[in-house]
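Input: a single structure, listed below in structure tokens.
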Amino acid sequence: MQATGIKGTAAKTTAAATARADGKSETVERAGSLDTAGIILEDVCYEYPGGVAALKGISLRISQNETVAIIGENGAGKTTLAKHLNGLLKPTSGRVFVDGVDTRGRTCAAMARLVGFVFQNPDDQLFQNQVFKEIAFGPRNLGYPADKVERLVKWAAGLVGIEGLLERHPFDLALAQRKLVAIASVVAMDTPYVILDEPTTGQDYPGTQKLATLVAKLHAAGKTVIAITHDMEFAAAHFARVIALAGGRVILDGTPNEVFSRPDELAMASVEPPQMARLGQRLGLEECVLDQEALLRALGLV
Amino acid sequence: MDIVVDSLTYTYPGQPGPALRDVSLEVRSGELCCLVGANGAGKSTLCCAVAGFVPHFYRGEMYGAVLVGGQDTVQSTIGELARRVGIVFQNPFDQITGATLTVFAEVAFGLENLGTPREETVARVEGALRRVGLWEVRDRSPFELSGGQQQRLAIASVLAMDPPVIVLDEATSQLDPSGTREVWQIVANLYESGKTLLVAEHKMEYVARHATKVVLMEGGRVVASGPPSEVLGRDDLEAHGVGRPPFMSVVRALREKGLWDGEVPLTLEGAAEVLRKVSGR
Amino acid sequence: MNPRSPYVHRPSSIHRLNPLTKGVLFLCTVVIAFATSSLTTVLALLGAVVAASAAARVARELARTVAKSAFVIVALIFIVQGLFYPGSRTPLYVVGPLTIWQEGLRFACFTASRLLAIIGATVLLMLTTRPEDLVSELMARGLSRKLGFVVLMTMQIIPNMQARAAAILDAQRSRGLETEGRLIQRFRAFLPLMGPLVVGSIISLETRSLAIEARGFSSPTKRVRIEDIPDTRWESLVRWGASLATFGFVVWRLVRWISSLIR
């Protein structure tokens, strides 16, 4: 299965992901060191105008080529956090670096070369009368020549699995398909970092499979993929690292196995572990199991 | 009140091919029937046909018939149908009328339109709001609610009109896990109270647990219909664009290995029970 | 409550008036302000608006809103009319090459007071009356259900569109669209920002119409509201009285105007 394939390779890259809620000082130290690659958050706080504190001191490091799922209930600060990674929001205090670039000094449009961000609602970004043009909009904004734009559009459409829709009008498509178009239109910008805000919402089974393939292929292409998701099956199967937020703080950060073996903290984030983990917990397994093979093996049934 | 769909073929205006092709379906009174299938399979169109929006609202070309409680939807007006069929859509925000200032008034909107006497309206609105757990927020603006609450508000608005048939067209697809759970709790509760329910849904865990009947659709056609264990137990389920709940796959794997020859359970707890028996834990 | 509506809830007799009464009085004020040419009448109207706002306990909000919306234009009226009012004869001050005329200032006073009375009446109506109540009252008195509903929906949807516009701006900036800077850049950003707004609104409008149809909107039965907005015979008398007086005033002004033409 695809899922296990990704995890095999991606797991190695998580070695760099040492930034835990408890490892704050370590992260801060690293930010000052020579190695500036990756996304670094230093004690980021954010308050919305009006005084609602959405992020309360987040420090973490996301290395290049990681696959990260951000989980937590609505209002936990997931989208606010993600908007800091491409400079849409600037921290009220603390700093965010992307490959050594401080986001405070850059406009969001300038950060778009580094970080691609797919919004939750595709209808907030689609406006062209043809899927091809829509996907080409981002690369054109980055000033790429026509032949490169065309190559990128086809590449992105292929990754998302919508090659067949390039000639269609985006608004003749169903919401879930429009969402895939929106994803392709950001992927086509060929940024080293890609952020997906709730990509699986409203997707059917084939759509979710396409997104799983996309994550794997982006990872294989050397990109960093960060997804906000409510779908724990998706998070557990296709991402090497899971970060759980609650009340504007990171409460868990680690491999899916590590994170989903902490039901008490997950309950704080109003998150229910994936089905296999729940089955394992019901059967009193000590270890956390996330797929069928692991469950059967742990029960001695293989 | 039962639903009978008889060889329904329907094409949206301006579309080259039909969205529904020769669909026949029967939902008995008091059943909880789930429509499953990939996007574009025709689930939403079928929901709209049962509510009468196809063809009353969308026009287009329709052959065959839809009977709700024995009455042909084409012969009824949308106003009459509103008393028989309530429908809840995918996007909670878009279903708020925008004409009311409070949650209470929002739920009363339908009854006001139907000319219900005032005392009765007030009583029914209270009943509906209590049923979906929104009585406490009755004086808030509908726009201030969370997505899950807005969806429960949409359900309450429909419930207040007390239609015997309730249709949910992917009503949980834009919600987070807790919102989804809340909506399904209400659906289960409505089923207990004897409503006839037609529910289009992607989250198979809930379909398996709650449905009394599952209809698998693909490309505008009905591929299979029957009890959930039968339809969700099909070997070719994934090929038709529907993912099997992982807990069912585990038990099926045990069956393939010859370790289990009983039923495939429809709940996670059931699957845990099977695994416990088989592994001897 | 709609957070973007200027309505301020206060326990006052003005707030408790039937919205129709407030609507009629507002219209009367506007009509008289337009019809009159006497400074005294306009000042009386302005005084009435201020007094009513004090009774409604929203005088401060009224002053703030009116000042914000009318300051620039009132200043302009005084400058332009004071300096350039045609047919001015009586110089008041001479400042270098500029002369401020008495006639000009008098006309500016009149125009500005008229404007302030009209803006003040509008703001007062908005501060003390929920638009939804006014439309709903009009619908109860025979305004077409469809028309009334379109008005209500539009009022609610405009603030929602503002929120969506912000989300669209974020989404397009994330795709490398420069929305700041030179005019040409902002002009280029127009379509990517307006397109999703319009199409998105059409999509949600479709769902919304389905949702209201499913709630018996087209039902031929007469609508029964859950709460009636209280109305008294006294208020009805005020409405009729004010309407007739305004009508009489307009007729009187017309007669005066026509007779002045004949003479």
Side-chain angles (χ1 to χ4, degrees), chain A residues 49-50 79-80 82-83 85-89 106-129 133-144 169-175 178 182-191 193-197, chain C residues 1-8 61 64 68 153-154 156-211 214:
Chain A
T79 301
T80 308
K83 282 183 176 174
L85 308 184
N86 78 334
L88 263 179
L89 297 176
R106 297 292 175 96
T107 67
C108 173
M111 291 299 296
R113 272 173 204 286
L114 273 176
V115 185
F117 193 122
V118 187
F119 276 69
Q120 206 175 328
N121 182 359
D123 298 341
D124 285 348
Q125 63 181 66
L126 305 185
F127 68 100
Q128 302 274 20
N129 57 9
K133 288 192 207 161
E134 189 67 58
I135 303 178
F137 177 73
R140 276 189 193 137
N141 276 334
L142 300 183
Y144 294 141
H169 194 300
F171 287 98
D172 281 344
L173 305 175
L175 178 64
R178 293 205 294 278
I183 292 172
S185 72
V186 169
V187 167
M189 293 164 73
D190 197 22
T191 52
Y193 300 91
V194 178
I195 303 172
L196 307 163
D197 193 353
Chain C
M1 213 108 331
N2 183 343
R4 288 171 194 86
S5 153
Y7 175 77
V8 188
E61 286 84 357
R64 199 182 303 137
K68 226 188 287 172
M153 248 163 115
T154 316
Q156 295 263 7
I157 282 160
I158 286 170
N160 291 329
M161 276 175 95
Q162 288 169 343
R164 268 209 69 219
I168 292 166
L169 189 64
D170 279 358
Q172 304 300 40
R173 282 160 66 197
S174 303
R175 292 166 83 192
L177 181 74
E178 272 300 353
T179 53
E180 295 145 34
R182 287 178 300 141
L183 191 67
I184 181 87
Q185 257 165 355
R186 292 195 208 177
F187 186 73
R188 273 201 206 111
F190 185 72
L191 184 66
L193 297 180
M194 282 311 287
L197 192 61
V198 172
V199 179
S201 305
I202 292 172
I203 291 176
S204 60
L205 203 63
E206 179 180 308
T207 314
R208 194 158 277 143
S209 1
L210 286 178

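Chain naming here is simple, since letters A, B, ... match the order of the sequence lines and numbering starts at 1 in each. Values reported hereafter were calculated over all heavy atoms of this structure, with side chains retained and with hydrogens, waters and symmetry mates removed.
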Practice task
Check whether any side-chain heavy atom of A:Gln125 lies under 4.5 Å from a side-chain heavy atom of C:Ile168, and answer yes or no.
Solution key: no
Problem - 4.5 Å side-chain heavy-atom contact, C:Met194 and A:Phe127 - result: no
Exercise for the section: Please round to the nearest 0.5 Å and tell me the distance separating atom CG of A:Leu88 and atom CG of C:Leu169. Expected result: 8.5 Å
Handout entry: Test item: C:Arg173 side-chain N/O and A:Ala110 main-chain N/O as donor-acceptor pair under 3.5 Å
Key = no
Handout entry: Neighbours of chain A found in residues 198-206 of chain C - heavy atoms under 4.5 Å
Key = C:Val199, C:Ile203
Practice task
Give, as side chain, backbone, both or neither, the part of A:Phe117 having an atom under 4.5 angstrom from any heavy atom of chain C.
Solution key: both
Practice task
To the nearest 0.5 Å, tell me how far A:Leu126 CG sits from C:Gln172 CD.
Solution key: 8.5 Å
Handout entry: Side chain to side chain, A:Glu134 and C:Arg175, heavy atoms closer than 4.5 Å
Key = yes
Fill in the blank from the handout: Heaviest contributor of heavy-atom pairs below 4.5 Å to chain C, chosen from A:Ala188, A:Ser185, A:Gly116, is A:Ser185
Fill in the blank from the handout: Most heavy-atom pairs under 4.5 Å with chain A, out of C:Gly195, C:Ser174, C:Ala165, C:Ala167, belong to C:Ser174
